[in-house]
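What follows is one structure encoded as structure tokens, with my remarks underneath.
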Amino acid sequence: MDTVARVRSHRRSARIQALVAEQAARRGTRVGVVDVCTAAVAALPVGGAGLSAMSRTAPSHPLCSTDAISERLEELQLTLGEGPCVDAFTQGSAILTPDLLTGDLQDRWTVFADAALEAGARAVFAFPLQIGAISPGVLDLYADVPTVLDAEELADALAFADLATLLLLDTRIDETGSPAGGPLPDRSFEDLGGYRPEIDQATGILTVQLGVGIDEAFVRLRAYAYTQGRRLAEVAADVVAHRLRFSPDTEPRRTDEET
């Protein structure tokens, strides 16, 4: 990426962060993924947004939605096991559906397409939440009329998805994968940005230490963070710095306690 592209990307990220922070300020709470959804609806030519936590090793479930239609779309896709949300997660790329009445979509999503139209959606766009090989969920946007996202709108949607990924990974998660209750320390967006490589790197280290796939390694990392009441990023930093080691047969142990 050249200098001009980096500057544009930074400015876009800053603008998206400001929009999301504004939504959180209106709620009077710290920033969360629900603010990403509401900010995306305000900034893009869509009628609603939803976000679902997804995993290949644990049940997937909706986390938030902005209206009844987006809530229905999340439920439909996770229940039926088909739709742009499911495809975006399995393929690891954005699925853009400007018009659900397109003939081949009726064959591709034999049940979802008609059900989504009946629910009130005409266009659906799904963006996987990804950091390296980790994909904790999908951000879905819908419109009630045929809609095409132009290049700038698509770039903004991807930026919303990137921010949702960081916020989702920064949230303490309970055994079912749902956000845990209780207040969390304030974190700046700059702090969140620094977590991206460490979480990805720590998960990769765990695949070697535990002899498991990337999804199972990420689940183990999240589970340990929850049981210890710690931030996922903090645990990841310990793994990367070799202060914490996981084993297939024993509980994770802190190596710095041995000295």
Side-chain angles (χ1 to χ4, degrees), residues 33 36-37 40 46 48-65 69-117 119 121-143 147 149 154-155 157-169 171 173 176-179 196 199-200 203-204 206-207 210 212-223 232:
V33 291
V36 175
C37 289
V46 297
L51 190 148
S52 289
M54 302 186 71
S55 171
R56 292 178 176 83
T57 57
S60 300
H61 55 275
L63 286 179
C64 63
S65 55
I69 295 177
S70 58
E71 180 180 13
R72 178 62 175 155
L73 292 178
E74 297 304 298
E75 293 175 348
L76 279 171
Q77 295 182 90
L78 298 184
T79 300
L80 298 172
E82 67 176 37
C85 174
V86 177
D87 286 0
F89 179 72
T90 57
Q91 297 175 23
S93 59
I95 303 296
L96 310 179
T97 311
D99 191 348
L100 283 168
L101 284 178
T102 303
D104 62 340
L105 296 180
Q106 301 291 316
D107 298 329
R108 183 177 181 182
W109 303 318
T110 55
V111 180
F112 170 76
D114 287 339
L117 287 166
R122 185 69 182 268
V124 183
F125 310 97
F127 301 90
L129 310 184
Q130 285 186 309
I131 289 182
I134 302 169
S135 181
V138 175
L139 171 66
D140 291 315
L141 309 173
Y142 87 87
T147 302
L149 299 179
L154 179 57
L158 291 168
F160 278 117
D162 284 344
L163 182 53
T165 306
L166 294 175
L167 289 170
L168 184 57
L169 293 180
T171 301
I173 296 177
T176 66
S178 302
R196 182 187 300 267
I199 294 173
D200 191 28
T203 305
L206 261 59
T207 65
L210 298 172
V212 298
I214 195 76
D215 288 316
E216 176 63 22
F218 182 52
V219 168
R220 291 287 295 273
L221 189 69
R222 289 198 316 177
L232 179 63

Is any side-chain heavy atom of Leu78 closer than 4.5 Å to a side-chain heavy atom of Met54?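 They are in contact (side-chain heavy atoms under 4.5 Å apart), so the answer is yes.
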Evaluate the side-chain proximity of Leu51 to Val36: yes if any heavy-atom separation is below 4.5 Å, no if none is.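 With C-beta onward as the side chain, the pair stays apart.
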Listed once per pair and sorted, the side chain to side chain donor-acceptor pair (under 3.5 Å) pairs that draw on residues 93-102, sequence neighbours left out: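 Found Asp99-Arg122.
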Closest non-hydrogen atom pair between [X] and [Y], with its separation:
X      : Y      : result
Gly83  : Phe112 : CA-CD2, 3.8 Å
Ala217 : Leu206 : O-CD2, 3.6 Å
Ala164 : Val33  : O-CG1, 3.8 Å
Phe89  : Ser135 : CE1-O, 3.2 Å
Ser70  : Gly50  : CB-N, 4.2 Å
Pro128 : Gly92  : CG-C, 3.8 Å

With distance as the sole test, does Glu71 use its side chain to make a donor-acceptor pair with the main-chain N or O of Ser65 at under 3.5 Å?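 Between the backbone of Ser65 and the side chain of Glu71 there is no qualifying donor-acceptor contact (under 3.5 Å).
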Has the side chain of Thr207 got a donor or acceptor atom that lies under 3.5 Å from a matching backbone atom of Val212?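 Answer holds: no.
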Only counting residues at least two apart or in another chain, list the ones meeting side chain to side chain donor-acceptor pair (under 3.5 Å) with Ser52.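 If we apply the side chain to side chain donor-acceptor pair (under 3.5 Å) test to Ser52, skipping adjacent residues, the hits are Glu74.
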Interatomic distance, [X] atom [atom1] to [Y] atom [atom2] [nearest 0.5 angstrom]:
X      : Y      : atom1 : atom2 : value
Arg72  : Thr79  : CZ    : OG1   : 7.5 Å
Leu105 : Thr110 : CG    : OG1   : 12.0 Å
Leu139 : Phe160 : CG    : CZ    : 9.0 Å
Thr203 : Leu210 : OG1   : CG    : 10.5 Å

Quick test of your reading: applying salt bridge (charged side-chain N to carboxylate O under 4.0 Å, His left out), list the pairs with at least one residue in residues 124-141, sequence neighbours left out, ordered by first then second residue.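 Those involving residues 124-141 do not exist here.
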Contact list for residues 100-115, test salt bridge (charged side-chain N to carboxylate O under 4.0 Å, His left out), sequence neighbours left out: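 Found Asp87-Arg108.
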Could you list the residues that satisfy side-chain contact (heavy atoms from CB on, under 4.5 Å) with Ala143, not counting sequence neighbours?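 Testing Ala143 for side-chain contact (heavy atoms from CB on, under 4.5 Å), a comparison that skips the adjacent residues, returns Ala123, Thr147.
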Can you sort out the partners of Ala157 under side-chain contact (heavy atoms from CB on, under 4.5 Å), two or more places apart, ordered by chain and number?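 Ala157 satisfies side-chain contact (heavy atoms from CB on, under 4.5 Å) with Leu44, Phe127, Leu141 only.
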Among Val46, Leu96, Ile95, Leu100, find the residue that satisfies the side chain to side chain contact (heavy atoms under 4.5 Å, CB included) test when tested with Val124.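 Only match with Val124 under side chain to side chain contact (heavy atoms under 4.5 Å, CB included): Leu100.
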